[in-house]
Asks: 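Shown below is the structure under consideration.
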Amino acid sequence: MSSASWHARINCGRDTGAGFLVTERHVLTCAHVVAHSDTTPVAVSFAHGGEGEVPARVIAHGGWDGRDTDPGDLAVLELDRPVSLKPAEFATPSEAYGDPPRRLLAYGFPKRYDEGTLAEYRATADQLIAGEWVQLEAWAAHGQPLAPGFSGAAVTLAETGLVVGMVSAAARSPEIRNGRMLPTQIMARYWPRLGDLIPTPEYDQLQKERLRRLVEAAEGAAPTGARGTAHPAPTHPHQTHNRSPRTPECSPERLYLDAVGPLGPPLPPHGFGSLWAAAWYLLSEVPDPSATPRFATRLADFVDDARLRAALRSWPHPHTHRTPAPAQAPTTARPGSTAHTWSPILVEIAPSGSGNRDFLVEVSAYNDRHRRVVGSRRLPVDRVRPYALQRIDEAFHELEPGARELIAFVLPRRWLNADVARWQRSADDDSPLGSFAPLVVMDLERRRSGGLQHKLRQKWRTLDARPEARLHRIDCWAVGQDQVKLTIDLRRDADMVGFGTPPRADGVRRLFQASLNAAVPVMLWPRSGCRGEHRCGQPADCPGSEFLDRLAEHLADLPAHELPQYVHELRETAYASDTAEPHWAHDLALLWEDPECLPDPVGYAHNPVG
């Protein structure tokens with residue numbers, strides 16, 4: 001303490017308090033010490049002299065509104081000139097507490113102590129009062145009590161001199177020797193730059209500074225403004241609260257819950273005043289080191305700027321968009337399985353439960369068996385396509401350079417005939433998405449069924465042992481067959497099913513559902529053409545029958561695992577065809593599902609919109 005020249009005395013008219021130097025030009029104190037700074041000059045001097053009295057101005061404060069119980073009693077002073085003194089250093093937030101209690105010191109400037117004096121205290125407990133303060137009690141029954149002039153003083157560990165908080169109040173009665181401390185982790189919520197200086201277990205100063213700048217950029221880039229629930233809207237020109245997007249999914253509280261998951265620490269009682277407050281709480285008070293990167297990734301999804309989205313997703317690693325997969329226990333692959341050769345980009349579109357026009361859209365990328373969520377949003381139906389296409393493009397950043405990409409859409413059953421393979425790939429690329437990479441669809445209901453996923457795994461074990469898949473034809477005149485009987489028959493001896501007609505008419509939809517319930521791994525059909533109303537029993541003039549003949553000719557003798565690639569090549573040929581008649585595969589749809597290729601770990605631990 002004797003060498004701690006960073007202790008400061010603050011004068012603002014008739015008010016005197018304490019403060020402490022944290023950079024060569026910044027001093028922290030209580031907002032109530034400089035409450036009249038708008039009309040009265042502020043001057044800072046240091047405990048051990050050498051710099052003289054330095055004028056200063058308030059550049060930020062935490063929103064304190066004048067009452068003793070108001071939160072945010074923090075002010076940041078900027079000195080007129082840099083000083084040559086070494087700034088204060090900080091302890092980790094938890095070091096202020098322990099058993100036995102830590103002896104804490106505060107250096108203040110009460111009346112008749114112009115040179116300053118020390119007070120010895122300890123923290124009663126690490127429990128926050130009103131989500132803001134820690135109670136201090138005197139170390140002994142004698143000695144200097146906290147008094148006017150100590151407000152804004154750094155609270156330091158006696159053994160090391162490292163700062164753990166700031167004195168913000170003292171008991172009004174001299175008989176009660178206690179007071180309040182604003183802990184450093186709370187101070188950093190109000191002045192984000194302070195978080196760079198406070199040690200945290202997993203991330204260094206540069207990583208925290210980068211995250212802070214990214215979060216501030218995300219708040220500033222938000223199309224509309226909103227706040228967390230901790231504090232009222234700012235009324236002071238120096239208040240540090242920032243804007244954040246209005247959407248409920250992007251509130252600081254929602255992003256925090258997404259980051260910690262359903263088993264993580266609950267929300268603090270007073271919520272968060274800004275996105276940075278939530279990020280800092282994760283950094284300083286949540287033990288899971290992966291929670292903060294999840295927060296950054298989730299926030300990225302609500303940012304319009306592509307570079308900022310990429311930077312948030314890559315944090316804390318600034319030079320790559322990919323995150324290494326965590327070490328996992330060895331898994332036993334199926335005999336003959338080649339599922340690992342695909343690196344899927346999974347696009348899951350599901351009803352939101354809040355109306356027929358809203359959908360939950362989640363885009364993920366797989367590296368090996370590790371799944372990384374690129375985006376997850378609730379959207380009206382007219383925004384599903386542009387959002388999904390944008391996030392699919394960004395998901396390619398997560399794949400290794402040599403990966404075999406596979407785009408897999410998980411769709412509600414009524415959407416399985418959607419033309420996702422023909423979606424324009426991007427705003428400046430008119431080519432179909434299905435010509436860019438192998439593309440398949442999957443049934444949402446089946447993917448969520450444990451029983452059908454188990455049956456699919458059994459089917460693939462059989463398929464892996466055979467060089468080709470068996471094709472079961474369902475011609476358009478077969479729509480009257482019994483649905484239950486078809487399910488049982490297909491479950492027993494079909495590897496893939498070809499339909500001569502799209503699943504539009506009621507009869508075809510029933511047989512389509514029978515095939516899905518039979519856990520058939522591969523299903524193919526034309527998206528357009530015969531509607532399944534053909535009753536002549538003569539295949540010669542039926543386009544559906546011709547389509548099935550072509551399937552048998554081109555795909556029936558191929559290994560099932562390679563079908564996405566073969567169908568991709570067929571689509572490329574069809575899209576590039578310039579013949580008068582459409583190529584037979586111009587509207588070919590492929591449902592292909594291997595649970596081993598697309599395992600279902602939860603990307604976000606719960607519904608992203610609650």
Side-chain angles (χ1 to χ4, degrees), residues 8-23 25-44 54-80 87-88 90 108 128 130-133 148-155 163 165-169 180-198 212 215-216 219-220 225 227-244 252 270-277 280-281:
R9 176 186 174 121
I10 314 296
N11 288 312
C12 182
R14 300 175 62 181
D15 296 323
T16 299
F20 53 105
L21 186 74
V22 294
T23 78
R25 288 197 66 177
H26 295 102
V27 171
L28 300 185
T29 187
C30 287
H32 74 258
V33 171
V34 290
H36 304 294
S37 62
D38 290 342
T39 57
T40 305
V42 177
V44 177
V54 184
R57 62 190 182 95
V58 178
I59 61 166
H61 82 61
W64 179 75
D65 204 27
R67 294 179 298 247
D68 289 346
T69 56
D70 282 335
D73 191 4
L74 171 76
V76 183
L77 309 182
E78 184 175 79
L79 303 175
D80 273 7
F90 293 83
L128 291 177
E132 184 87 358
W133 304 281
F150 274 93
S151 293
V155 179
V163 177
M166 180 180 74
V167 175
S168 61
R180 285 182 174 179
M181 173 180 79
L182 198 62
T184 53
Q185 74 268 23
I186 302 299
M187 296 165 66
R189 295 187 195 174
Y190 298 116
W191 192 48
R193 283 190 61 184
L194 185 60
D196 303 345
L197 307 176
I198 299 172
R212 173 175 57 80
V215 171
E216 288 174 349
E219 287 181 314
R227 303 176 204 288
T229 58
H231 305 293
T235 56
H236 190 283
H238 301 306
Q239 190 166 341
T240 60
H241 293 167
N242 294 313
R243 298 187 308 151
S244 59
H270 295 271
F272 301 111
S274 66
L275 289 176
W276 170 251
W280 173 245
Y281 191 88

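Values in this document were obtained by computation on a predicted structure and should not be read as measured data. FYI, side chains are in, hydrogens and waters are out, and symmetry mates aren't considered; it's all heavy atoms of this structure.
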Asks: Please list, chain by chain and in numerical order, all residues satisfying side chain to side chain donor-acceptor pair (under 3.5 Å) with Thr184, sequence neighbours excluded.
Replies: none
Asks: Listed by chain and number, what are the ring pair (Phe, Tyr, Trp, His ring centres under 6.0 Å) partners of Tyr281, not counting sequence neighbours?
Replies: Tyr256, Phe272
Asks: For Arg67, which of Asp70, Thr69, Asp65 qualifies under side chain to side chain donor-acceptor pair (under 3.5 Å)?
Replies: Asp70
Asks: Under the rule for side chain to side chain contact (heavy atoms under 4.5 Å, CB included), what residues qualify as partners of Ala43, not counting sequence neighbours?
Replies: Glu53
Asks: So which atom in Phe150 and which in Ala18 form the shortest heavy-atom distance, rounded to 0.1 Å?
Replies: O-CB, 4.2 Å
Asks: Just verifying a value: how many Å separate Leu194 CG and His26 NE2, rounded to the nearest 0.5 Å?
Replies: 11.5 Å
Asks: Can you find a heavy atom in the side chain of His61 that is under 4.5 Å from one in the side chain of Val34?
Replies: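 No, side chains not in contact.
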Asks: With rounding to the nearest 0.5 angstrom, report the CD to CZ distance, Glu132 to Arg189.
Replies: 7.5 Å
Asks: Measuring from atom CH2 of Trp64 to atom OH of Tyr190, what distance do you get when rounded to the nearest 0.5 angstrom?
Replies: 13.5 Å
Asks: How far does CH2 of Trp191 sit from CG of Leu74, to the nearest 0.5 angstrom?
Replies: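 Output value for this atom pair is 9.0 Å.
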Asks: Mind checking what makes side chain to side chain contact (heavy atoms under 4.5 Å, CB included) contact with Ala56, not counting sequence neighbours?
Replies: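 Testing Ala56 for side chain to side chain contact (heavy atoms under 4.5 Å, CB included), a comparison that skips the adjacent residues, returns Val42, Val44, Leu77, Leu79.
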Asks: Phe90 and Ala88: which non-hydrogen atoms are nearest, and at how many Å?
Replies: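 For Phe90 versus Ala88, the nearest heavy atoms are CE1-O, 4.0 Å.
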Asks: Within the side chain of Glu219, is there an N or O that forms a donor-acceptor pair under 3.5 Å with the backbone of Leu275?
Replies: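 Yes; at least one donor-acceptor contact below 3.5 Å.
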Asks: Would you please test Val76 and Leu28 for side-chain contact (heavy atoms from CB on, under 4.5 Å) and show each step?
Replies: CA-CA 5 Å; Val76 183; Leu28 300 185; 3.8 Å; yes
Asks: Please identify each residue that fulfils side chain to side chain contact (heavy atoms under 4.5 Å, CB included) with Asp80, with sequence neighbours left out.
Replies: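 Partners of Asp80 under the side chain to side chain contact (heavy atoms under 4.5 Å, CB included) test: Pro55.
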Asks: For a quick test of reading the model, state the closest non-hydrogen atom pair linking Val215 to Trp276 and the distance between them.
Replies: CG1-N, 3.7 Å
Asks: So, for His36 and Asp15, which heavy atoms are closest and what is the spacing to 0.1 Å?
Replies: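 Minimum heavy-atom separation between His36 and Asp15: CD2-OD2, 3.3 Å.
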Asks: Which of these, Ile10, Val167, Asp73, Leu182, sits in a side-chain contact (heavy atoms from CB on, under 4.5 Å) with Cys30?
Replies: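 Testing each of Ile10, Val167, Asp73, Leu182 against Cys30, the sole residue satisfying side-chain contact (heavy atoms from CB on, under 4.5 Å) is Asp73.
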Asks: What are the two closest non-hydrogen atoms of Gly165 and Val163, and how far apart are they?
Replies: O-CG1, 3.5 Å
Asks: Looking at residues at least two apart in the chain, or sitting in another chain, which of them share a side chain to side chain contact (heavy atoms under 4.5 Å, CB included) with Asp196?
Replies: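 Scan of Asp196 (side chain to side chain contact (heavy atoms under 4.5 Å, CB included), adjacent residues dropped) gives Gln205, Lys208, Glu209, Arg212.
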Asks: Tell me the closest heavy-atom pair linking Phe20 and Ala8, and the distance in Å.
Replies: N-CB, 4.3 Å
Asks: Quick check for you: to the nearest 0.5 Å, what is the distance between Met181 atom CE and Leu128 atom CG?
Replies: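 Reported to 0.5 Å precision, the distance equals 9.0 Å.
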